[in-house]
Amino acid sequence: QVQLVESGGGLVQAGGSLRLSCAASGVTSGRYVLGWFRQAPGKEREFVTYIIWTSGITYYADSVKGRFTISRDNAKNTMYLQMNSLKPEDTAFYYCAAQARLLPTTRIRDYGYWGQGTQVTVSS
């Protein structure tokens, strides 16, 4: 059984940094891909980044490339999202998600496991 629990959201000024955490159980075996998605008020949920749990291979949306870094700590079964140079447009509810696929995707419908989300607010 896969369970995901996010933490680390909050309020930060533009240009600042935040680190989100996702405690993940049940993903250390098998071909799991863990990702971050976000949803801003009035907008659809969108892909941010993913990491293949076993290999550490990562992929980013263009909007966050160079500013956000995804990583994982196998010993702690925890995934992280380090967010630097934050912009007001990064304000959203951030969700941790997992999929069990041989080839990772960025499609929301392919992720079968979701955390409860955490709010990130960037003030200008």
Side-chain angles (χ1 to χ4, degrees):
Q1 181 73 15
V2 176
Q3 291 187 325
L4 306 169
V5 179
E6 303 97 331
S7 62
L11 173 65
V12 64
Q13 289 187 333
S17 299
L18 274 178
R19 188 177 80 158
L20 305 183
S21 299
C22 174
S25 60
V27 299
T28 55
S29 61
R31 298 186 183 93
Y32 280 98
V33 177
L34 267 66
W36 289 98
F37 291 78
R38 65 186 182 185
Q39 187 166 16
K43 295 187 177 181
E44 293 185 351
R45 192 170 299 188
E46 64 175 7
F47 168 79
V48 176
T49 179
Y50 70 60
I51 186 167
I52 300 176
W53 191 263
T54 51
S55 67
I57 294 173
T58 60
Y59 181 78
Y60 297 89
D62 288 343
S63 58
V64 304
K65 201 174 294 183
R67 299 188 299 122
F68 290 12
T69 302
I70 189 172
S71 62
R72 89 270 192 250
D73 185 328
N74 289 351
K76 296 182 179 180
N77 288 346
T78 301
M79 175 177 68
Y80 303 98
L81 181 64
Q82 177 66 43
M83 304 184 292
N84 299 328
S85 302
L86 282 161
K87 305 174 182 179
E89 51 263 45
D90 294 318
T91 295
F93 218 70
Y94 282 71
Y95 296 91
C96 170
Q99 61 174 211
R101 292 175 63 91
L102 182 59
L103 296 177
T105 74
T106 63
R107 293 189 297 262
I108 294 172
R109 66 176 183 266
D110 292 334
Y111 288 77
Y113 306 95
W114 292 83
Q116 82 287 354
T118 185
Q119 177 69 42
V120 172
T121 303
V122 184
S123 63
S124 57

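In what follows, every heavy atom counts, from backbone to side chain, and hydrogens, waters and symmetry copies are set aside.
Put simply, the side chain of Glu6 gets close to the backbone of Gln116: a donor and an acceptor are under 3.5 Å apart.
Under the salt bridge (charged side-chain N to carboxylate O under 4.0 Å, His left out) criterion, no residue pair touches residues 112-124, with sequence neighbours excluded. The disulfide (SG to SG under 2.5 Å) analysis of residues 41-77, with sequence neighbours excluded, yields no pairs. For residues 94-118, the salt bridge (charged side-chain N to carboxylate O under 4.0 Å, His left out) pairs, not counting sequence neighbours, are Arg101-Asp110, Arg107-Asp110. Sorted pairs that involve residues 35-70 and meet disulfide (SG to SG under 2.5 Å), not counting sequence neighbours, are lacking altogether.
Shown here are the side chain to side chain contact (heavy atoms under 4.5 Å, CB included) partners of Arg72, two or more places apart in sequence or in another chain: Ile51, Trp53, Asn74. Evaluation of the side chain to side chain contact (heavy atoms under 4.5 Å, CB included) rule for Ser55 yields Ile52, Ile57 as partners, not counting sequence neighbours. With sequence neighbours excluded, the residues satisfying side chain to side chain contact (heavy atoms under 4.5 Å, CB included) with Asp62 are Lys65. By the ring-ring contact (aromatic ring centres under 6.0 Å, His included) test, Tyr95 is found to be paired with Phe93, residues two or more places apart in sequence or in another chain being considered. Under the rule for a salt bridge (charged side-chain N to carboxylate O under 4.0 Å, His left out), the partners of Arg67 that lie at least two apart in sequence or sit in another chain are Asp90. Residues satisfying the ring-ring contact (aromatic ring centres under 6.0 Å, His included) test with Tyr50, not counting sequence neighbours, are Phe47, Tyr59. Looking at residues two or more places apart in sequence or on another chain, you find no side chain to side chain donor-acceptor pair (under 3.5 Å) involving Lys43.
Residues Ile70 and Val2 share a hydrophobic cluster, clusters being chains of Ile/Leu/Val/Met/Phe/Trp/Tyr side chains in contact below 4.5 Å. Hydrophobic clustering, with ILVMFWY side chains joined whenever heavy atoms are under 4.5 angstrom apart, keeps Trp114 apart from Tyr32. Clustering ILVMFWY residues whenever any of their side-chain heavy atoms sit less than 4.5 angstrom apart, transitively, puts Tyr94 in the very cluster that holds Tyr60. Tracing side-chain contacts under 4.5 Å through hydrophobic residues (I, L, V, M, F, W, Y), one never reaches Val48 starting from Tyr80; they form parts of separate clusters.
Separating the CG atom in Leu34 from the OG atom in Ser71 is a distance of 11.5 Å, to the nearest 0.5 Å. Rounding to the nearest 0.5 Å gives a distance of 10.0 Å between CD of Glu89 and OG of Ser124. From Ser63, atom OG reaches atom CZ of Phe68 across 7.5 Å, with rounding to the nearest 0.5 Å.
Between Met83 and Trp36 there is no side-chain heavy-atom pair separated by less than 4.5 Å. Using a 4.5 Å heavy-atom cutoff, the side chains of Val64 and Arg38 are in contact. Here the side chains of Thr54 and Arg31 are not in contact, with every heavy-atom distance at 4.5 Å or above.
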For residues 13-23, run the donor-acceptor check on the side chains, cut-off 3.5 Å, and write out each pair with its distance to 0.1 Å, sequence neighbours left out.
{"residue": "Ser17", "atom": "OG", "partner": "Asn84", "partner atom": "OD1", "Å": "2.9"}

- Can you check side-chain contact (heavy atoms from CB on, under 4.5 Å) on Leu11 and Gln119, steps first, answer last? CA-CA 8 Å; Leu11 173 65; Gln119 177 69 42; over 6 Å; no

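Between Val33 and Pro104 the shortest heavy-atom distance is CG2-CB, 3.6 Å.
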